[in-house]
Protein chains: 2
Amino acid sequence: MEESLPAWDKATTADGETRSIPGAAIKRLSLYLRILQLLETERAEKVSSAELARRLGLNSAQVRKDLALFGQFGTPGFGYHVTGLRKELRRILGMDREVRVVLVGAGNLGSALLSYKGFLKQGFTMLWGFDADPEAASARARTRVPIYHVDELERRLTAQPVDIAVLAVPAEAAQPLADRLVALGVRAILNFVPARLEVPADVQVRYVDLSLELESLSYYVQDD
Amino acid sequence: MEESLPAWDKATTADGETRSIPGAAIKRLSLYLRILQLLETERAEKVSSAELARRLGLNSAQVRKDLALFGQFGTPGFGYHVTGLRKELRRILGMDREVRVVLVGAGNLGSALLSYKGFLKQGFTMLWGFDADPEAASARARTRVPIYHVDELERRLTAQPVDIAVLAVPAEAAQPLADRLVALGVRAILNFVPARLEVPADVQVRYVDLSLELESLSYYVQDD
DNA sequence: TAGATTGTTAATCGATTAACAATC
DNA sequence: TAGATTGTTAATCGATTAACAATC
């Protein structure tokens, strides 16, 4: 019997066929988009897969292959139109619409994330923060984003669903909160908590594990 | 002609042979270590590769293979001794000594990282922060870690070399600062700046790109 | 047209998983 | 001894890269 892939792991070609899209390719699309935005400010009209690859330290065949997963955006002998490709990538990544984000856990790291500019750019809307101690959290955070008590999660997210939750709570609180967020319709979680989350297959979780990054770097700085 | 690998990408077996160690395996070692520390608090004497795999959502053969890259730590029919394996992993990862860390760029995100508890645990020493405006940075940061002007980088790091730098500066400042850090003997950079860094082959760079994570999650939350 | 560069197939590479003899 | 589990080899899987006909 064949396992069927979750919907987000598929893409449809012109002829209606369905293929699996590697997550690593999606991350690279986001990198391509960043370079295209840079090229646009440089008033560049066109760009080749070789140039995109050079700027990102990738292989040009990989760039062409990644883009070809979603359509034929280039012109042989010419390359890609910067503005055109940028629009396509924004559409593919779903950045051509408002993406609604909440933060759960506005401690030290969380409150910094609340005011992180990179999140506010690019069509992301950081709607609300939630914390077990909203007064203390508000004092920490230098932002206009309102911070509510975590008990208000259900009320707020029922009234107005969100797409993505950023999770930065103590380890023992992570799984119960993930469960509540999923029940409230959250489709993706950016998880800063060093704990594995169990979620349904159609919910995406990305782990940003700072201790793990530092520990694995420690391996490389030994003098032997 | 054969390219020779950087020293950190090799490991030596008992018979003096040298093999390449995948970076992904190193990251998993750090995950294994975390579970072993948990098991130790649970007073567990032994653990099998199957149990480690289960707790981390991995394959047991992968666990055994990762560990076997560095030696024979297990006993057939028994498994691994929790305390013994924990010690071995701490040694392999270089966590059995002080790892000296500095932060460069104590803005919103940076100052949160300065006081991030996960960095202080586990044998990491966050020595100093550096910022172009150390007064403002000190006001932001709720930490005892001293923050100096970035001009003091050379003086401080010459007097006392560090292993790892955490970089959280504006994009245009990233490469020049990376160059200075490498010249000062920094062996690894944890880079929160969305910019590619050019460094010598023996310097490790890890990218933590929050915008990229959020953008690639955006792909999965589209309703189609 | 000649030169450049795409989209795509085939080849390569590397990482994951299965299988199992060795062995505690 | 019987049962369990390692370390390791072989098989599988998937991702990257090379190559090139198509074509602007």
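We name chains A, B, ... by the order of the sequence lines, and we start the count at 1 in each one.
- Per the geometry, NZ belonging to B:Lys27 stands 13 Å off P belonging to C:dT16, to the nearest Å.
- The CZ-C1' distance, from A:Phe70 to C:dT6, rounds to 18 Å in whole Å.
- Nearest-nucleotide positions on DNA chain D for A:Gly23 and B:Gly79 put B:Gly79 closer to the 5' end.
- B:Asn191 places no side-chain N or O within 3.5 Å of a backbone atom of B:Tyr207 that could act as its donor or acceptor partner.
- Summarising the geometry, the separation between CD on B:Gln62 and C1' on D:dT9 is reported as 17 Å, rounded to the nearest angstrom.
- Regarding contacts with the backbone of D:dC24, every side-chain N or O of A:Tyr80 stays at 4.0 angstrom or more from both OP1 and OP2.
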Using the 3.5 Å cut-off, write out each protein N or O paired with an N or O of nucleotides 18-22 of chain D and the distance between them.
unit_1	atom_1	unit_2	atom_2	d
D:dA18	OP2	A:Asn59	ND2	3.1
D:dA19	N6	A:Arg64	NH2	3.1

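- In this structure, the CZ atom of A:Phe73 is 17 Å from the P atom of D:dC24, given to the nearest Å.
- Here the P atom of nucleotide C:dA15 and the CG atom of B:Leu58 are 15 Å apart, to the nearest Å.
- Computed from coordinates, the B:Gln72 CD to D:dT5 C1' distance equals 14 Å when rounded to whole Å.
- Under the side-chain contact (heavy atoms from CB on, under 4.5 Å) test applied with A:Leu127, the options A:Val162, A:Leu157, A:Leu103, A:Val145 reduce to a single match, A:Val162.
- Side-chain nitrogen and oxygen atoms of A:Arg28 include none within less than 4.0 Å of the OP1 or OP2 phosphate oxygen of D:dA15.
- No salt bridge links B:Arg90 with B:Glu40; every basic N to acidic carboxylate O contact stays at or beyond 4.0 Å.
- The CG atom of B:Leu69 sits 11 Å away from the C1' atom of C:dA15 (whole-angstrom rounding).
- Using a 4.0 Å cut-off between charged nitrogen and carboxylate oxygen, B:Glu215 and A:Lys27 do not count as a salt-bridge pair.
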Handout entry: Pairing string, 5' to 3', for DNA chain C - Watson-Crick or wobble contacts under 3.5 Å, brackets [ ] where pairs cross, | to another strand
Key = ..||||||||||||||||||||||
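- Atoms CG (B:Leu67) and C1' (D:dT5) sit 13 Å apart, rounded to a whole Å.
- A donor-acceptor contact closer than 3.5 angstrom links the side chains of B:Asp179 and B:Gln175.
- For B:Asp131 (side chain) and B:Ala106 (main-chain N/O), a donor-acceptor pair under 3.5 Å exists by modelled atom type.
- Between the side chains of A:Ser60 and A:Arg64, at least one donor N or O sits under 3.5 Å from an acceptor N or O.
- Under the 3.5 Å distance criterion, with hydrogens and angles disregarded, no donor-acceptor pair is assigned to the side chains of A:Ser211 and B:Arg34.
- Proximity of a side-chain donor or acceptor of A:Gln204 to a complementary backbone N or O of B:Ser218 within less than 3.5 Å is not detected.
- Look at B:Ser49 and you'll find a side-chain N or O under 4.0 angstrom from OP1 or OP2 of D:dT6.
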